[in-house]
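Take a look at the structure set out below.
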Amino acid sequence: MVKFSYLLLFTIVFASCSNKLSKTLKSTDNEYKLKMAENYYAQKKYSNAQILFEDLFPVFKGTARFEDLYYKYAYSAYYLKDYTTSENLFKTFVETFPNSPKAEEADFMRAYCYYKQSPKPELDQTNTTKAMGQMQAFINTHPLSARIPEATSIIDEARAKLEVKDFKSAELYYNLGFYKAAAIAFSALIDNYPDTGKGDEYKLMVIKSYYLYANNSVEERQAERYDKVVAECTDFVDRFPESKLAKTVDYYKTQSLNNINSKNEQTKKAA
């Protein structure tokens, strides 16, 4: 009975609100409509505010009041988490009002909408890449903006997410036994993210991948592929002389050299 009472009350309140919005839309008093849109916006009833703002576009377009109306319309979409629409609206705001005091904010929000659409690392990272590009464009366009630190932080966060995605792809190759592909993918990680703190870990995975690739190769190709492992181990020492992984790398180098020597001995005996 109590649940039914709450449901009935909710239905009545919802119907009342819907009727109020409907009556406002039918009103011919545009100032009243704008006031109601502002009230809805202030009350965080963004869906209602959005409907009224849009209805008022033809009335106020070209007037001094249109800028603020459009600004709040864009934010209404943002607060409703319709980031695709809000990105486009903030973009249009900057293009329509390039000299507005709010243009810089809108330019930042356009990039931020891409950031809000950035998914988990396992998923497609198109919006993450766009967020990075748009934030960098914002930094270039507004070099003195107080939002530069936040924009830079978002770029760093987005790059870290892309790194995680690329790592997971390389790791998947490795786990599936596609060792050559894994070695190439881990090498690309080092090249694409030169500032990463995991460069020596990725390089070790390159070495392990090439080692297993050599180990699983046909006998006549093993020696040359172990040579590749030795070359990668040497490069590791040059790049990461202080790495704690050096002993592990030395193990793979020693094993590879032993295998090469063994192959050479077998070749001599066969000859």
Side-chain angles (χ1 to χ4, degrees), residues 37 40-42 44-54 56-57 61 66-172 185-186 188-199 202:
Y40 280 132
Y41 187 84
K44 299 183 180 181
K45 297 179 180 179
Y46 300 113
S47 182
N48 289 354
Q50 192 177 49
I51 292 169
L52 289 175
F53 283 139
E54 188 170 353
L56 291 168
F57 277 1
K61 190 173 184 178
F66 186 62
E67 179 185 323
D68 186 63
L69 187 155
Y70 198 93
Y71 170 84
K72 290 175 179 174
Y73 180 68
Y75 262 110
S76 293
Y78 173 79
Y79 290 132
L80 289 169
K81 299 184 178 181
D82 184 357
Y83 300 122
T84 300
T85 299
S86 57
E87 180 277 323
N88 186 58
L89 292 175
F90 284 122
K91 175 178 179 288
T92 304
F93 182 94
V94 174
E95 293 171 347
T96 307
F97 309 104
N99 299 317
S100 168
K102 299 172 181 174
E104 179 192 308
E105 177 188 350
D107 206 14
F108 177 83
M109 288 303 299
R110 180 197 176 189
Y112 197 76
C113 286
Y114 280 122
Y115 168 69
K116 294 293 285 185
Q117 295 177 82
S118 175
K120 295 178 180 179
E122 296 81 3
L123 303 177
D124 179 73
Q125 295 300 310
T126 298
N127 284 321
T128 305
T129 303
K130 287 182 178 179
M132 290 175 65
Q134 290 298 324
M135 281 298 175
Q136 188 59 58
F138 174 83
I139 291 171
N140 296 342
T141 306
H142 310 280
L144 301 179
S145 172
R147 295 181 174 88
I148 295 296
E150 185 176 2
T152 302
S153 177
I154 287 172
I155 290 173
D156 290 342
E157 182 183 335
R159 184 179 290 111
K161 184 180 286 188
L162 293 178
E163 182 179 340
V164 170
K165 180 177 177 60
D166 289 349
F167 169 77
K168 287 182 178 294
S169 295
E171 187 179 48
L172 181 61
F186 281 116
L189 267 168
I190 299 169
D191 294 337
N192 295 336
Y193 306 97
D195 297 327
T196 182
K198 298 181 177 180
Y202 298 153

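Just so you know, these numbers use all the heavy atoms, side chains as well, and skip hydrogens, waters and symmetry mates.
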Closest heavy-atom pair and its distance - [X], [Y]:
X	Y	answer
P121	V164	CB-CG1, 3.7 Å
E67	F97	CA-CZ, 3.6 Å
Q50	S76	CB-CB, 4.1 Å
A170	A185	CB-CB, 3.5 Å
T196	G199	CG2-N, 3.7 Å
L89	A77	CD1-CB, 4.0 Å

Does any part of the side chain of [Y], heavy atoms only, come nearer than 4.5 Å to the side chain of [X], both counted from C-beta?
X	Y	result
Y70	T92	yes
F90	Y75	yes
R159	Y193	yes
F167	K198	no
T126	Q117	no

Are the side chain of [X] and the backbone N or O of [Y] linked by a donor-acceptor pair below 3.5 Å?
X	Y	value
S86	Y83	yes
K161	P119	yes
S118	Y114	no
S153	P149	no

R147 bridged to E104 by N-O distance under 4.0 Å:
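Result for this pair is yes, salt bridge flagged.
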
Between atom [atom1] of [X] and atom [atom2] of [Y], what is the distance when rounded to the nearest 0.5 Å?
X	Y	atom1	atom2	value
I155	I139	CD1	CD1	4.0 Å
K61	L69	NZ	CG	12.0 Å
K44	L80	NZ	CG	12.5 Å
L189	E171	CG	CD	10.5 Å
S169	E122	OG	CD	10.0 Å
S100	Y71	OG	OH	9.0 Å

Students often mix this up, so state it plainly: with edges at 30° and 60°, are the rings of F57 and Y73 parallel, tilted or perpendicular?
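Perpendicular.
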
From the options K91, K102, H142, select the one residue that forms a side-chain hydrogen bond (donor to acceptor under 3.5 Å, both in side chains) with D107.
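Going through the options one by one, the only one that passes is H142.
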
Answer yes if the ring centres of Y41 and Y46 are under 6.0 angstrom apart, and no otherwise.
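Between Y46 and Y41, which both carry aromatic rings, the centre distance is below 6.0 Å.
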
Under 3.5 Å donor-acceptor pairs involving side-chain atoms of residues 129-138, not counting sequence neighbours:
unit_1 : atom_1 : unit_2 : atom_2 : d
T129   : OG1    : Q125   : O      : 3.2
Q134   : OE1    : R110   : NH1    : 3.4
Q136   : NE2    : N140   : OD1    : 3.1

Who pairs with Y115 by ring-ring contact (aromatic ring centres under 6.0 Å, His included), at least two apart in sequence or on another chain?
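Y115 satisfies ring-ring contact (aromatic ring centres under 6.0 Å, His included) with Y112 once adjacent residues are dropped.
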
Between F108 and E150, does the side-chain contact (heavy atoms from CB on, under 4.5 Å) criterion hold? Intermediate values first, please.
CA-CA 10 Å; F108 177 83; E150 185 176 2; 3.6 Å; yes

